[in-house]
Structures are given as structure tokens and as C-alpha cells.
Amino acid sequence: MFCYNCGCTLSEHDFCTACGADVYMYKKIMHVSNMYYNDGLEKAGVRDLTGAVTSLRQSLRFNKNHIEARNLLGLVYFEMGDTVTALGEWVISKNMQPDKNIADDYINKIQSNAGRLASINATIKKYNQALLYCNQGSKDYAVIQLKKVLSLNPRFVRAHQLLALLYMDRQDWEHAERELRKCMDIDRNNVLTLRYLKEVEAALTNEETTKSAVKRKKEEAVRYQSENEMIIQPLNVREPRRNGVSTLLNMGIGILIGLAATYFLLVPAARQAVRMEAQETITKIGNESDTKTARIQELENKISGMNGDIAQLNKQIQDFVGEDGTLQTFEEMLVSAAAFIETGDIHAAEEDLEAIAANVRLEEMTEGFQSLYRKIFEAIGPELSAEYYKEGHEAYRTEEYAVAIEVLGKAVAYDPANMEALYELGQAYAKNDDTEDAIRIFEQVIELFPNTQRARNAQQQINSLTPKAD
């Protein structure tokens, strides 16, 4: 056992001899974790898998780094047919201890076998489909799906339990008992299995009691010895007197009754046998039809999903290579950059950047695209800002405040460091009776250009625009 503080080997003392940390409680926690691990190991050895899961989880609650407990928990889940949960435990174990970990071998044995991976995926899909059928009330389809699941993974306890529950719902107690016995062979003390089995055994006991009572009622008769023969006479029947005429009459009646019984019993029985055979054939065909219908539905769902994926991919391709697609936007960006480098025309570059920004969301474009856009913007920004400031100043001077606001806003957008444009924009808002935006702009002047004359002027403007309290 190693110290949790410094990693040194601990001695029999209740403190670490290397760093002096108090390890009394730490040792007790590790001891409890190992105790639960040993208990889980013993339960797994006698196939009490549910109890083993409980004990191993308790062990991991006290020591989540207990690699042996986590690997054994994965093996128990794998034995119960829950391969996905088992892989999850082994992956966690491998991440905690990458080197010399047997979980690595378990994972490789499953991942290296493509057929087993495909079987695991099919098992999960079919089990989920069976649950969906149960929720939809299609219990026959659910039974078919669960039989397919168990043909792929015979040790899947939850599939056995769900199939048994469906058999119990249709009162097919013998098949339900058979599935639950299979669960018991895998996991002896599964609480859910034991509860289902108790219900099934109670139902089977009631059926046997009913059958025995009917059988005893039919067998009630009087038995006695007559000369060398055993005579069995039903209750409340008296033996008639014997004479020759009555004997012949009784023999004739008996022959007629025998012939009638032969006709009325054997012929219907033969017909019934033919009907049962035909019904079995119809049932078999119906089951095969249900299986094929379920398979067709599954394939149709897959086709529908694939069609949706194809439509989505086509849309993505169109978005990338269409007239207004990403590829076209990249080309426009490169053409604009090349034209600006060649001609230096800032107004043409401005129009190109505005058109590009209107068609795409810049934050969703690639880093290279955004970088090129910023470079061109920074190159043309100061000069454009100066032109827009001159135009906005002229509009402000001629008291065209709405035009001044629009033009000075562009000047600030192209060069946020243009202090004069920003201050005059605030003045234009104030002259246009837009007090709220004026105060907002003057606050930006104070924030961006502190300790300047314009900042002090902006504060005076704010004071004059802010209503004074009475």
C-alpha cells in the first residue's frame, strides 16, 4: 500500500514514515475496499453475479482506483451479456493504468474480432427494437426480436428476463419458466429473476392442482371383484338384472353405441388432427411472415435514415460548392484580396468586404478566412475612417444630424481609434435628441481615451444630458 500524499510504501504505523501524513483512516478505507473486492470475487466464483456486481461497486465506491475490482466488474458484466457496460469499465481501467493492465487484452480481443463487434452492435439494436415494440404494444414482434438477440448472445440476462415477462403476459408459463431457468444458470441470485420465477411457479402450481382435481373427479367409481373379473362401476349406477333377452338387447345396443362412438369420436378426432396440422402450418407461415415484415420494416427504416443522410450531405455539398456556397465565398475573398493588392482601391475593397459579410457568418468561417478578412479590413480601415469622418463632420456642420450619425458610425466602425469621429458621433446623437445613445457614445470616449481633453469634454456632455435630481 502506498501513501496517498507522497506515494511511498506505507509501514505498519498509522502515519507515513516519509512525509508524516496521517494514513489511519486511509488504511481502513483501503481495507474495506479490498474486503468488498474479495467478497465480489467469491460471489462471482459461485455465479452469484448480481451479488458480485453489488460488492464490486461498493469496493469502487471506497477506492475508485482499484484496478482489479474494476476489471472483475467488467468480466461479470460480460458474463451477464452486457458487453457495452463491460467495455466501459475496461476503458476506464485502461485510462487509470495504461501500462501492464489486463483490461487492454480484454478490449483488444473484442475490437480485433470484427464479427464479434458486429454481433454486439446487432444485439444492442435488436434489444432496443424489442423494447420499442413492447412500448408500442407489438408483443409478438418483441418476442421475435428477443429470440434473435438470444441467438446472437445467449448469455444476455436482461433479454431472457424480458422474453420471460412477455411469456408471462400471454400466460405461457412453461416457456417463461424455461427462460428464467436459463437466467438462473447464468446468475443464480438475480432478484428480478427470482421474483418472476416465484410468480411462474405459483401459476404452474395452480394449474396442476386444477388438473388433479378434475382427474380425481373422473376417476371416482366403485370397484369390486366378480368371480375372476374386476368390475368398475360409476357411482349411482345399479347393476341390472341378468336375463337372456335383456342381454341380447344390451349387446345390440352396445354394438350400436360402439359404432356411433367410432363415428362420432374417431372421425371428429381425425378432422381435428387435420385442422391442428393446418393451423400449425398457418401459424408457422404467420411467424415467418411476421419475421419478414419486421425485417422489411427495419430495412425501410434504414433506407429512410440513409435517404435523410443523403439529403443532408447533398445540402452540405450545395452549401459548400453552390452559387452562394462556402467555396464561392472563399474565391470572392481571394479575388478581393488580389484586386486590393494590385490596385489599392479601398472603396472597391470596402464593397467586397460588405458583400462577403452579408452572405456569411464570419465567426463560422475558417481561421485563415477570418485572418485574411481582418488584414484587408485593417489595411483599408484608417483611410476609409478618415474619409467618412470628413463627410460626417460636414453633415454635422450643416445640421444634417441623421446623415452625420450614419456616416460617423461608419468612420468609427472602420477605425475604433478615431477619437474625433467617436466624440462627434456622440454630439450628433445629442443634437438629434437621442440622449441615451449620446450618453453611451460619450461613455465609450471616456473608456477608450481616458485622461484626454475629449474624455473631459465627454464627461461634461454626460453631466449636461443627465437629468438632475430635485
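Position 1 is the first residue of the sequence; numbering continues from there.
Between Asp185 and Lys182, none of the side-chain N atoms (NZ, or NE/NH1/NH2) sits under 4.0 Å from a carboxylate O, so this pair counts as no salt bridge. Comment: Lys94 engages Asp104 in a salt bridge, judged by a side-chain N to carboxylate O separation of less than 4.0 angstrom. Ionic pairing of Glu177 and Arg181 is present here: one or more N-O contacts between side-chain nitrogen and carboxylate oxygen are shorter than 4.0 angstrom. Under the 4.0 Å criterion applied to side-chain N and carboxylate O atoms, Lys43 and Asp39 are assigned as salt-bridge partners.
Remark: Gln136 CD is packed, more than 12 non-hydrogen atoms of other residues, nucleotides or ligands lying under 6.0 Å away. Within a 6.0 Å sphere centred on CZ of Arg440, other residues, nucleotides and ligands contribute more than 12 heavy atoms. Heavy-atom neighbours of Glu406 CD from other residues, nucleotides or ligands within 6.0 Å: at or below the threshold of 12.
With no hydrogens or angles considered, a side-chain donor-acceptor pair links Asn301 and Gln297 at under 3.5 Å. Using modelled atom types, one finds a donor on one side chain and an acceptor on the other under 3.5 Å when comparing Ser93 with Asn101. Checking Thr123 against Asn153 by side-chain atom types alone, no donor-acceptor pair falls below 3.5 Å.
Contact check for Asn63 versus Ile29: no side-chain heavy atoms found under the 4.5 Å cut-off. Residues Leu146 and Leu162 form a side-chain contact, since some pair of their non-hydrogen atoms from C-beta on lies under 4.5 Å apart.
Just one residue in the list Val32, Leu56, Leu60 forms a side-chain contact (heavy atoms from CB on, under 4.5 Å) with Tyr37, and that residue is Leu56.
Note on residues 63-88: pairs passing salt bridge (Lys or Arg N to Asp or Glu O under 4.0 Å), not counting sequence neighbours, are Arg47-Glu79, Arg70-Glu89, Glu79-Arg155, Asp82-Arg158.
Under the ring pair (Phe, Tyr, Trp, His ring centres under 6.0 Å) criterion, Tyr167 pairs with His175, sequence neighbours left out.
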